[in-house]
Amino acid sequence: MEETILTVNHLKKEYEGKPILNDLDLEVKKGEVVVIIGPSGCGKSTLLRCMNGLEQIQSGSVKLREDTIEAGAGNLVRIRQKIGMVFQNYELFPHLSVLNNILLAPTKVQKRDKKDVKEEALKLLDRVGLRDKADSYPRQLSGGQKQRVAIVRALCMNPEILLFDEVTAALDPEMVREVLDVMLELAKQKRTMVIVTHEMQFAQAVADRVLFIDQGKILEEGTPEEIFKHPKKERTKQFLNIFQFKKVEERKIS
Amino acid sequence: MPDLGLDVLGKGSNLLRLLGGLGIALRISLIAVVISIPLGLLLGTLMTGKNVVLKFFLKLYLEFIRIMPQLVLLFLVFFGSTRVFGWQPTGELSAIIVFTLWGAAEMSDLVRGALISIPVHQYESSQALGLTKGQTYCYVIIPQTVRRLIPLSINLITRMIKTTSLILMIGVVEMIKVAQQIIEANRTASPNAAFGVYLVVFVLYFLACWPISLLAKYLERKWG
Ligand SMILES: Nc1ncnc2c1ncn2[C@@H]1O[C@H](COP(=O)(O)OP(=O)(O)O)[C@@H](O)[C@H]1O
Ligand SMILES: [Mg+2]
């Protein structure tokens with residue numbers, strides 16, 4: 001049995017009295033890739049933000065190993081170094097070059113030696129095919145390139161777990177692949193990841209476990225095979241149907 | 001070549017006096033800028049804060065300064081101080097006070113605008129990387145704010161320099177006043193002097209403001 005890295009226990013989250021996450025439980029084991037799917041507005045981003053202490057929660061707990069994650073708590077700075085997060089919107093720092101975007105946190109937060117980090121950063125950039133962009137600025141990069149840099153920036157902190165919130169949702173279709181490939185590569189390296197995505201084929205390929213969230217609860221979970229091929233709940237089937245196209249001749253003409 | 005009466009500037013120390021007038025205008029602007037920039041930074045930061053009452057008064061202050069023509073503000077301070085406080089500031093001091101109040105108000109609005117234009121996700125991605133609040137401001141927010149601010153504040157500075165031409169109205173002998181004195185003194189000998197002298201005044205203002213504008217354009221392109 002692999003050790004548990006992240007534990008979510010009876011998590012309740014409300015916005016202005018409106019429940020968003022309702023008594024949600026989740027465990028992520030070391031090396032596991034958990035993919036979260038669900039309709040827009042069901043609380044996927046909110047869940048990831050709670051896992052990183054970006055949101056105040058109403059009750060329950062979120063833990064990274066033994067450390068409780070709580071918005072505003074004093075231990076957050078330490079814990080967040082172990083949690084890498086990449087958002088949907090490109091959130092690189094526009095005034096810093098690619099390399100300095102990556103170096104900022106390792107050198108200022110972790111106080112690591114600049115030379116060592118730089119070496120590591122360049123190696124990682126090379127892995128995602130962006131070695132030659134090290135001195136470029138974010139505005140000179142395409143959306144796909146920015147997201148790859150954002151992933152490298154998170155990786156360079158050597159986090160124990162990576163959170164991805166629809167990192168390809170804002171990209172042009174031809175750039176989606178290059179970003180997903182990087183994430184597949186990370187899965188191959190047995191990184192622990194929680195991925196929110198609407199790319200269903202990618203989800204099937206990358207996931208060890210898939211969670212379907214609806215109305216703030218985990219409605220169904222299982223292996224990719226179970227969820228995508230043999231979903232049990234009607235809501236899950238309905239949701240997955242949105243991503244299917246029937247052949248024209250099979251469609252009933254009303 | 002028509003007679004522009006430029007020869008009057010060669011008489012005595014007339015050109016030097018004109019430059020001295022420009023010097024006074026620049027000195028007043030410089031002192032006002034040096035005081036109003038930090039003041040504006042402070043007020044602008046407070047304007048993005050949570051204190052509603054404070055924000056209301058800052059907004060009121062900004063609107064008051066904006067609505068009042070600068071000349072009226074100059075008169076208010078120069079002539080009003082004696083009445084209200086029983087204290088007569090010199091023309092130059094009155095000018096510095098008015099330009100500082102004005103500069104701080106405009107600057108605070110620029111600072112507020114620059115601060116709120118930094119997207120929330122810049123704060124959040126800094127936090128997600130483990131940066132403390134102080135580090136987030138130091139390495140992420142302030143550098144971006146300053147980049148947006150510098151071209152705008154340079155613009156404000158050139159506006160302040162140009163507006164010093166009003167202070168002759170409260171008896172400060174700045175460049176325009178000197179020009180008038182020179183023209184007046186040579187009315188009979190050189191009746192065309194007005195055009196030439198004001199032409200030189202124009203060139204001098206231009207030479208004072210142009211490099212500053214160029215710097216603003218350059219920085220805008222570099223950081224845009
Ligand atoms: N800052 C906020 N204030 C109020 N409501 C919010 C806020 N952020 C998100 N919500 C609401 O919470 C719900 C879940 O949002 P989110 O987690 O972003 O959904 P998802 O990522 O699954 O699309 C939505 O109904 C959204 O309107
Ligand atoms: Mg979302």
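These numbers come from a predicted model, not from an experiment. In the text below, chain A, chain B and the rest are named by the order of the sequence lines, each starting its count at 1.
Heavy-atom pairs under 4.5 Å with chain B peak, among Asn52(A), Asn89(A), Leu104(A), at Leu104(A). Most heavy-atom pairs under 4.5 Å with chain B: of the set Ala105(A), Ala150(A), Pro106(A), this distinction falls to Ala105(A).
Atom NZ of Lys55(B) is surrounded by more than 12 heavy atoms from other residues, nucleotides or ligands within 6.0 Å. Few gaps surround OH on Tyr15(A); more than 12 heavy atoms of other groups in view lie less than 6.0 Å from it. Other residues, nucleotides and ligands place more than 12 heavy atoms under 6.0 Å from the CZ atom of Arg17(B). By the neighbour-count criterion of 12 heavy atoms within 6.0 Å, atom CE of Met169(B) is sparsely surrounded, having that number or fewer from other residues, nucleotides or ligands. The neighbour count for Glu70(A) CD, taken as heavy atoms of other residues, nucleotides or ligands under 6.0 Å away, does not exceed 12. By the neighbour-count criterion of 12 heavy atoms within 6.0 Å, atom CZ of Phe79(B) is densely surrounded, having more than that number from other residues, nucleotides or ligands.
Proximity to chain A involves both the backbone and the side chain of Gln122(B), based on heavy atoms less than 4.5 angstrom apart. Interface residue Leu92(A): only backbone heavy atoms are found under 4.5 Å from chain B. Looking at Phe93(A), the atoms closer than 4.5 Å to chain B (heavy atoms on both sides) sit in the backbone and in the side chain alike. With a threshold of 4.5 angstrom between heavy atoms, Arg153(A) approaches chain B through its backbone and through its side chain. Within the 4.5 angstrom heavy-atom criterion, only backbone atoms of Ile83(A) (N, CA, C, O) approach chain B.
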Exercise. With side chain to side chain contact (heavy atoms under 4.5 Å, CB included) as the test, would you mind laying out the steps for Lys108(A) and Tyr139(B) before giving the verdict?
Key: CA-CA 9 Å; Lys108(A) 302 295 179 196; Tyr139(B) 300 118; 3.3 Å; yes

Self-check item: Check against side chain to side chain contact (heavy atoms under 4.5 Å, CB included), Glu91(A) and Glu124(B)
Solution: CA-CA 9 Å; Glu91(A) 54 359 336; Glu124(B) 289 188 341; over 6 Å; no

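Considering CG of Leu129(B) and CE of Met85(A), their distance stands at 11.0 Å, rounded to 0.5 Å.
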